[in-house]
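One structure below.
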Amino acid sequence: MTLRVYNSLTRTKEPFETVVPGRVGIYLCGPTVYKPAHIGHMVGPVIFDTIKRYLVYNGYDVCFVINITDIDDKLINRAAEEGTEVAELAERMTRDYLENLATIGVDGVDHFPKATDHIDEMQAMIGRLIGAGHAYELEGDVYFEVSTDDDYGKLSGRSVDETLAGTRVEANQRKRHPADFALWKKSRQGEPAWESPWGPGRPGWHIECSAMSIKLLGESLDIHGGGLDLLFPHHENELAQSESCTGQPFARFWLHNGLMQSGATTGKVGGEHDRHGDRPDDDSTIEAEFDQQVAGKLAGSAGAASVKELFAVHHPETVRFFLLGTQYRSPIELSDDQIAETARSLQGFYRLLEAFERITGQSAYDLPVGVTRETSVEVVSEFGAFRDRFLDAMDDDFNTGGAVGVLFELRTAINAFISDRGLDDGGGATDQDGIAGLTSAVTLLRELGGLLGVFRQPPVEAAGDGGDSLVDELMQLLIDLRTEARSEKNFELSDAIRDRLADLGITIEDRNEQTSWRRE
RNA sequence: GGCGCCGUAGCCAAGUGGACUAAGGCAGCGGAUUGCAAAUCCGCCAUCCCGGGUUCGAAUCCCGGCGGCGCCUCCA
C-alpha cells in the first residue's frame, strides 16, 4: 500500500513522489484578511493539516505554509468603509484567522508569510519576468504576457480563447491581450503604495504566492493546495508566472478541495438570536430562518456566519470531524442539523474513552501514541486490521471519509471487547490480559484519531461540569440521596430525581455500584 | 455559450469493472443487559437517478436522457 494522490494537473491519481526524497513542501493559499473568517476558510486548512499529519506519520519531513494576503482591493475598500488603516484591518483579521485555526486544531503550519513582508521578492520576480520577455510595463502597471507561455491553461484545462469566450471584455483595456494579468498595479491617490522600478504601486494578486512559496519551499514544491475556486485563474496564473520565471516545474501535485456549499448556520445568521441563553425550543425557528438565507454561495455572502459564531454553538472538534467525514474533493454542505448529527455520532467515542478511564484508572488522553508508522502502538491481532484499513483509506488520496468509517468500527470492536470480557462490570482490573488488550486498542484509537486531529483532549462538555466544584458537590449530594432511595427500593423517588435532572439536561447512568452523570 | 463535477438506504457518506449477497454514521425497529432507564453488545434496515450499450461479469466503462452544482468575475 502506497500513497496515491489526485493531481489536478493531470486529472488522475498518481503515486506520491516528492522532489527531494523524504521531504515535502506544502503551500496552501490562505485568506485575504479583510473580514472575519467564515467556515469555508477552515476547510482547506483542516484538510491540509490532516494531510501533513498523515505525511509526518509516514516519515516525511514536512514544511507547511499558508500565506496571508494582507494587501488587496478588498482590504482597501473595507478599510475605507470602516475608516481604518489597511494595515490595522489586516492585522486584526489575521489574528481572528489564526485564533480560529488554533481552535479547530490546525497547529501544524510552519509559516504564515504575509504578502506585505515580501514586496522585495515579488519585485525581483517581476523584474526577472520583464527581463525574460514574459511581462511588460504599461503606464505604471506590469502585466504578465500570457501568449509568451506556451502551455498556459494546462492546469485548468482551457485555452486562452476558451477562457475569453465567456468573459466580458473590459473597457479601457490597453493590455496586449485581454488574458494578460497584473503583476504590479499602479496605486491611486491615498492607496497603500510601495516604491518600485515602475513607480509607486502594489503587487497583483497572484505574484505573492509565487514569490513566497519559492522563497520558503524552493522553485519546485511538492503540494500546492487551495479551494477549487482558485484553480482558475489564480493557480493557472501562479503556475504560468512561476515556471516562466524559473524554468522549473512549479508544483509536483496540485490539490483542490471541494467548496462549502451553503452559508452556514448557528442561528446567528439572522441577527439577534440568543447567543448566550439556552432556548432549545427555538431551533425550528432558527433553522427556518436559516434556510431562507442559504441562497447563493457561502463565500462573499454577507450572511455567512463567522467561525467564531459557529464555534459558539458547535464544538470545534465536531466541526473538524464533520469536515473530514467527506472526501476532500467533494463539495460539502453544512447545516446545523448535520453538525448536530455529527456531535451525536462522536458521543460514542467519548463514552468509550470515559469507560477506559473508569476501568483502568488512567486517562485515555495521556496514553503515549505513535507518531509514525514505525512507532505505532503494538496491538493484539484482532485490532491490527483496523489500523491497516484506516491507513489503506488514507493512502487512497487521503480518503478521510473511509478512514472515519474504520474508526467507528474500531470503536464498536473495542466496546465489544469490553463487553465480552466484562471489563466494565466491576473488578475488571484483575483481568491483566484484558486490560493490556484494551489499553493497546484504545491507544490505537487515539493514534488514528490523532491523524485526523481529533480525540486529543477531553471534550469539556462530555464529562462533569467543566470545573464548577459546587455543581460537582451538589450533584454528588443528589446522587447519594438517590442511591439511598434505591437501596431502599424507593424507586418512585429515585426515578423522580433522575427525571427531574433529565429535565435539566443531566443524564444519570447507574452502573454496578457506581452512578455517574453528565450534561447532554 | 465554453470547461468541469456530481446523482449510492429517511438523512449524511465510503466503494468507481469481479471476495458488492454495496463500509460506516445518524435516525428507526427487534433482542440481550437493567428494578426501570442510560450506556454498551447482538441482529434487522439499499441492488446503487432513468433508458440503452460494451463485457463472462458494471453502482463502477460508453452513449442518450432527467436532476443538482462549480468555474469562466482578485471568494478558501
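Below, chains carry the letters A, B, ... as their sequence lines are ordered, and counting in each starts from 1. Everything numeric here is computed off the predicted structure, so don't read it as measured data.
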Practice task
Return the 5'-most residue of the pair A:Tyr328, A:Gly401 with respect to RNA chain B, ranking by each residue's nearest nucleotide.
Solution key: A:Tyr328
Handout entry: 5′-ward residue of the pair A:Lys13/A:Asn257 relative to RNA chain B
Key = A:Lys13
Mind checking who [N] pairs with, Watson-Crick or G-U wobble, both distances under 3.5 Å?
N: B:rC71; answer: B:rG2
N: B:rA76; answer: none
N: B:rG17; answer: none
N: B:rC29; answer: B:rG43
N: B:rG51; answer: B:rC63

Exercise for the section: In plain terms, say whether A:Lys35 and A:Asp96 are close enough for a salt bridge, that is, a side-chain N and a carboxylate O under 4.0 Å apart. Expected result: no
Practice task
Answer yes when A:Glu145 and A:Lys175 have at least one side-chain N-carboxylate O distance shorter than 4.0 Å, and no when they do not.
Solution key: no
Those residues that, when tested against [X], pass side chain to side chain donor-acceptor pair (under 3.5 Å) (two or more places apart):
X: A:Asp503; result: none
X: A:Asp480; result: A:Gln476
X: A:Arg446; result: none
X: A:Glu409; result: A:Arg389

[N] [atom2] sits how many Å from [X] [atom1], rounded?
X: A:Asp392; N: B:rU16; atom1: CG; atom2: P; answer: 12 Å
X: A:Leu231; N: B:rC75; atom1: CG; atom2: P; answer: 13 Å
X: A:Met394; N: B:rG15; atom1: CE; atom2: P; answer: 13 Å
X: A:Tyr34; N: B:rC75; atom1: OH; atom2: C1'; answer: 6 Å
X: A:His256; N: B:rC72; atom1: NE2; atom2: P; answer: 13 Å
X: A:Phe408; N: B:rA27; atom1: CZ; atom2: P; answer: 11 Å
X: A:Asp229; N: B:rC3; atom1: CG; atom2: C1'; answer: 16 Å
X: A:Leu259; N: B:rC5; atom1: CG; atom2: C1'; answer: 11 Å

Exercise for the section: Identify the heavy atoms of A:Tyr34 and A:Lys74 that sit nearest to each other, and give their distance. Expected result: CE2-CE, 3.3 Å
Sticking with atom [atom1], work out how far [N] lies from [M], rounded to a whole angstrom.
N: B:rG28; M: B:rG10; atom1: C1'; value: 9 Å
N: B:rC26; M: B:rU33; atom1: P; value: 23 Å
N: B:rC45; M: B:rA9; atom1: C1'; value: 8 Å
N: B:rA46; M: B:rA22; atom1: C1'; value: 8 Å
N: B:rG65; M: B:rG1; atom1: P; value: 13 Å
N: B:rC49; M: B:rG7; atom1: C1'; value: 6 Å
N: B:rU47; M: B:rC42; atom1: P; value: 25 Å
N: B:rA13; M: B:rG25; atom1: C1'; value: 8 Å

Under 4.0 angstrom, heavy atoms only, what part of the nucleic acid is [X] near: base, sugar-phosphate, or nothing?
X: A:Gly405; answer: base
X: A:Gly30; answer: sugar-phosphate
X: A:Pro331; answer: nothing
X: A:Gly226; answer: sugar-phosphate
X: A:Lys74; answer: sugar-phosphate
X: A:Thr32; answer: sugar-phosphate

Handout entry: Side chain of A:Phe232 - closest among B:rG25, B:rC71, B:rC75
Key = B:rC71
Completion exercise
With the side chain defined as heavy atoms from C-beta on, A:Arg344 is closest, among B:rA76, B:rA27, B:rG25, to B:rA27
Problem - Protein proximity profile, nucleotides 34-41 of chain B - base contact B, sugar-phosphate-only contact S, no contact -, cut-off 4.0 Å on heavy atoms - result: -BBBBSSS
Problem - A:His224 and A:Phe253 aromatic centres sub-6.0 Å - result: no
Problem - is_close_aromatic(A:Phe455, A:Phe349), centroid dist under 6.0 Å - result: yes
Would you tabulate the pairs of protein nitrogen or oxygen atoms and nucleotide nitrogen or oxygen atoms of nucleotides 7-11 of chain B closer than 3.5 angstrom?
residue, atom, partner, partner atom, Å
B:rC11, O2', A:Gln338, NE2, 3.3

Handout entry: ring-ring contact (aromatic ring centres under 6.0 Å, His included) partners of A:His118, counting only residues at least two apart
Key = none
Completion exercise
side chain to side chain contact (heavy atoms under 4.5 Å, CB included) filter on A:Arg421, not counting sequence neighbours, yields A:Phe417, A:Leu423, A:Asp431, A:Asp433
Fill in the blank from the handout: Sorted by chain and residue number, the side chain to side chain contact (heavy atoms under 4.5 Å, CB included) partners of A:Gln338 (sequence neighbours excluded) come out as A:Phe322, A:Ser335, A:Glu341
